[in-house]
Amino acid sequence: MNASDRVIIFDTTLRDGEQSPGASMTRDEKLRIAKSLEKMQVDVIEAGFAMASPGDFESVRAIAKHIKDSTVCSLARAIDADIDRAGEALYNANAGRIHTFIATSPIHMKYKLQMDPNQVIELAVHAVKRARNLKDDVEFSLEDASRTEFDFMCRIIEATIKAGARTINIPDTVGYAVPEEFGNTMRRLMSTVVNSDQAVFSVHCHNDLGLAVSNSLAAITQGARQVECTINGLGERAGNASLEEIVMAVRTRQDALQVYTNINTTHIVSTSRLVAGVTGFPVQPNKAIVGANAFAHEAGIHQDGVLKHRNTYEIMKAQDVGWSTNKMVMGKHSGRNAFRIRLEELGTVFDHHEEFNEVFRRFKELADKKYEIFDEDLQALVSDTKVAIEQDARYKLSSLCVTSQTGTTPSASIKLVIKGNQQLSTAVGSGPVDAVFKAIEQIVKSSATLQLYSVNAITSGTDSQGEVTVRLEKGGRIVNGLGADTDIITASAKAYIHALNILSSNTEKTYPQV
Ligand code: KIV
Ligand code: ZN
């Protein structure tokens, strides 16, 4: 295969993925994920939407500064202020891309933009030209392309390529497309637009009908050479096309698809774990590639076959996507240097010495309780420590005592430190976790609604750390709190308090679709 068969992998976990309700991330969390994506050799990392909030701007800027091997991209509406802000955030990037977009479907133009098609073309051309004054690498997206009239798509694509767009992205914004039709559209666009050879055609599919990966692959077979996707399929509503599924489909079925990517697939599992841990969106056990059961054979007949010849039931090797790196990496006798190096390999670099010291202290504490420490433990430990030492956190857990016995009502006593003052509360509940949450609420009186409570064992074995996600909603704002501990009641308290701290901070975001 030659260079024209390479599919560019554009990861939008940090932008479209972050648009999942409750999945918003801090600057440091985004940087950790970006480093993991860079290690995986992702071609383009969409780091955020610089204009959305000061936090988003800072995240894009930090990622642009630290990432050297991948192109760093910021989203921008077809508005001067957005484009300038994206250019500013990407100023220090080794390779930076401005990704500008405008809606092109009749329904979006009429009701959302209240513009006629000529006005939309004019804005798009102006936006691309303005972006080209700031960066050589400019992408233009036709939002809601899959519901846009074909002739209009051709007109706006030709005009934006002429204005300087190097990548033309065809999004299935609402997850409406079906594979054959979508693939045909891609082929027809590329053969009809007169200057199509001057741009890379890209796809960006949402998963509302569960077809995001199929639609993306259909577009690739018809000539698209960039796929926009996210780790674990995170994203708006039902999510985006999943990076790991696309990459592994391309690799496993190269015979049928006739293309390749540059991804180092052995980093897939650790990146998936990192994204799940940071966002609080756990991966379902039967999720392709990265689910806990993705390579597990239960039926006797399958086990027998695999033992006799692996290829009887396995089409990929677990090690190729990084499952084999799930080995014991650290123990109680591991030193600071080995610990630091392993964390760096997992994408975590510490800006502050004290932060590293605290993670190391907690690692030793964990190693006393848990004999084998896996990569997943380390990732959870880092996330948990970063949350615990957040300087501006309003609520801090001081101590927790829970009693639960068959035949009695569970009760919990909790001490919280709020702005330096200790407050104590005791409550009963239908179970120990319920009692803990009620005790916290007696102090905080947040009036938030609990939308989701989930516990996952980080590794196997009963000494595993439990990772808890608590999703709270208040006044339309949804946040995910995370906590990890070998004691799942303590992990639950940490996760609830983390969610309350996010709610009480003022880092609300605005998104392009809003
Ligand atoms: O889904 C979509 O249309 C988008 C665009 C902004 C590319 O995310
Ligand atoms: Zn999208």
Side-chain angles (χ1 to χ4, degrees), residues 8-21 23-24 44-52 56 60 71 73-79 82-83 85-86 97-109 111-113 120 123-124 127-128 131 137-148 152-153 156-157 160 165-177 182 185-186 189 199-213 215-216 219 224 226-243 246 279 509-514:
I8 296 165
I9 297 296
F10 175 116
D11 179 277
T12 182
T13 308
L14 302 176
R15 197 279 297 171
D16 221 341
E18 202 196 19
Q19 288 177 210
S20 301
S24 62
V44 186
I45 299 174
E46 190 163 49
F49 174 33
M51 187 66 182
D56 251 21
V60 177
T71 296
C73 172
S74 172
L75 187 68
R77 288 168 296 186
I79 295 174
D82 275 34
I83 290 164
R85 193 79 169 139
R97 173 183 294 188
I98 298 178
H99 174 193
T100 185
F101 74 100
I102 193 163
T104 51
S105 62
I107 187 167
H108 275 232
M109 289 194 290
Y111 295 104
K112 191 178 83 171
L113 300 177
V120 169
L123 278 187
V128 169
D137 189 352
V138 171
E139 171 171 336
F140 173 68
S141 281
L142 296 75
E143 193 190 6
D144 205 16
S146 52
R147 294 191 299 168
T148 298
F152 184 58
M153 279 202 273
I156 197 164
I157 292 171
T160 47
R166 287 194 176 167
T167 304
I168 294 293
N169 184 36
I170 308 297
D172 181 22
T173 304
V174 291
Y176 177 74
F182 196 60
T185 304
M186 184 59 76
L189 283 175
V200 172
F201 277 66
S202 163
V203 275
H204 173 115
C205 296
H206 281 268
N207 206 27
D208 299 65
L209 293 172
L211 295 172
V213 170
N215 287 331
S216 305
Q226 175 177 283
V227 179
E228 303 197 353
C229 45
T230 59
I231 300 291
N232 299 339
L234 194 70
E236 285 269 352
R237 308 178 308 279
N240 289 57
S242 131
L243 179 148
I246 288 177
T279 58
K509 291 171 183 269
T510 51
Y511 299 122
Q513 275 83 350
V514 174

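Nothing fancy with the numbering, it's 1 onward along the sequence. Just the heavy atoms: all of them, side chains too, but no hydrogens, waters or symmetry mates, feed the values below. Every number for a ligand or one of its atoms is a count from 1 in the order of the listing. This one's a predicted model, so the numbers in the text were calculated from it and none came from an experiment.
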Testing S202, S141, S74 one by one against H99 for a side chain to side chain donor-acceptor pair (under 3.5 Å), which residue passes? S141

Contact partition for T173 relative to ligand 1, non-hydrogen atoms under 4.0 Å: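 Answer for T173: both.
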
With a 4.0 Å heavy-atom cut-off (strictly under), which part of H206 contacts ligand 1: side chain, backbone, both or neither? side chain

Return the option from H204, R77, E139 holding the heavy atom at the smallest distance from atom 4 (C) of ligand 1.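 When every heavy atom of H204, R77, E139 is considered, H204 comes closest to atom 4 (C) of ligand 1.
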
Mind checking whether [X] and [Y] have side chains closer than 4.5 Å, heavy atoms only?
| X | Y | answer |
| --- | --- | --- |
| T185 | M153 | yes |
| N240 | H206 | yes |
| F10 | T71 | no |
| I79 | M51 | no |

Min N/O separation E143 to ligand 1 under 3.5 Å: no

Polar contacts were defined as any N/O atom of the residue lying under 3.5 Å from an N/O atom of the ligand; does this apply to H99 and ligand 1?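 Among all N and O atoms of H99, none is under 3.5 Å from an N or O of ligand 1.
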
Metal-centred angle, NE2 of H206 through the Zn ion (ligand 2) to NE2 of H204, rounded to 10 degrees: 100°

Going by heavy atoms, is Q19 under 4.0 Å from ligand 1?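 For ligand 1, residue contact (heavy atoms, under 4.0 Å) with Q19 is absent.
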
Just which atoms of ligand 1 are under 4.0 Å from any heavy atom in D16?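 Reading through ligand 1 atom by atom, the close ones are 8 (O).
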
With a 3.5 Å cut-off and no angle check, do the side chains of D144 and S105 form a donor-acceptor pair?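 Yes, S105 and D144 have a side-chain donor paired with an acceptor closer than 3.5 Å.
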
Above 12 or not: heavy atoms from other molecules or residues under 6.0 Å from CZ of F152?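 Counting other residues, nucleotides and ligands, CZ of F152 exceeds 12 neighbours.
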
N, O or S atom of D16 closer to the Zn ion (ligand 2) than 2.8 Å: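 Yes.
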
